[in-house]
Amino acid sequence: MSDAAAPDAGPPAGIGTATASVDTSIDARTGEPRRPWLVTLASGLLLGGIVPVVAGLLWAFWRSIREFEDAAWLNGVVATEPGSLLRVLMVVALFTVTLLIGAASIIAGHYAWRGFGWTRWAGVIAAATSLLALLINWVAWIGIPLVAIGAALLWTPPARRFFEQWHLRRHPVPPVVEPATHVHYGPLERYR
């Protein structure tokens, strides 16, 4: 055998053989799409943004006992008398604001974690409602950028691919059914 014939023989059989490609975006153990770290971070920020808002509300409630006007921004806007109905309504308003922020952020964070694509718009709503924390105090204001960053992360390309993969898993494409071209009407030949 000469040296000139060796390059024509090709590589040995074990080198360079192709293997079946593996889809790394689907978890082999569960069959579900893998969650990108950006979606995990977004869900964490949306859910974690509630903590400073609730802490700000609780701090405002505590401070309202002795210094009602300085406890929250909303309390300082309107002059009220101790024990008046307006004071009670302002406290109810602060509580309602916290509930709205919490509900919007929890819905967006939880359903983003579960892979629903509509949570990108829910994140925008959560970011908008987090601005209501401006009515409470500076402790609650810390939650605004957390919720806003979490909502923005839901619009990244990895999050979009994750949501699309979940959509395809929840709503698979129906198989194509070939239309029948020959339909026999009347009794079959075998029954005549």
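Residue numbers start at 1 and run along the sequence shown. Heavy-atom basis, side chains included; hydrogens, waters and symmetry copies ignored.
- For the atom pair L94 CG and L89 CG, the distance stands at 11.0 Å (nearest 0.5 Å).
- The minimum heavy-atom distance linking T119 with F116 is given by the pair OG1-O, 2.6 Å.
- Taking the six-membered ring wherever Trp is involved, the centroid distance between the rings of W121 and W155 falls below 6.0 Å.
- In terms of modelled atom types and a separation under 3.5 Å, the side chain of S105 and the main chain of G102 share no donor-acceptor contact.
- The shortest side-chain heavy-atom distance between V78 and L86 falls under the 4.5 Å cut-off.
- Of all non-hydrogen atoms in T40 and R35, the two that sit nearest each other are OG1-CD, 3.5 Å.
- Taking the ring centre of F68 as origin, the terminal cationic atom of R87 falls inside the region bounded by 6.0 Å and 45° from the ring axis.
- The two residues P158 and L38 have their closest heavy-atom pair at CG-CD1, 3.8 Å.
- When all heavy atoms are compared, the tightest approach of A60 to A72 is CB-CB, 4.2 Å.
- Screening Y111, F163, W166 for a ring-ring contact (aromatic ring centres under 6.0 Å, His included) involving W118 leaves a single residue, Y111.
- Shortest non-hydrogen contact noted between P52 and L146 is CG-CD1, 4.1 Å.
- Relative to the six-membered ring of W59, R63 meets both conditions, a distance below 6.0 Å and an angle of at most 45° to the axis.
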(message) Working note: L74 + I136, criterion side-chain contact (heavy atoms from CB on, under 4.5 Å); need CA distance, chi angles, decisive distance, verdict.
(response) CA-CA 6 Å; L74 181 63; I136 304 174; over 6 Å; no

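- Considering only heavy atoms from C-beta on, L57 comes within 4.5 Å of F95 through its side chain.
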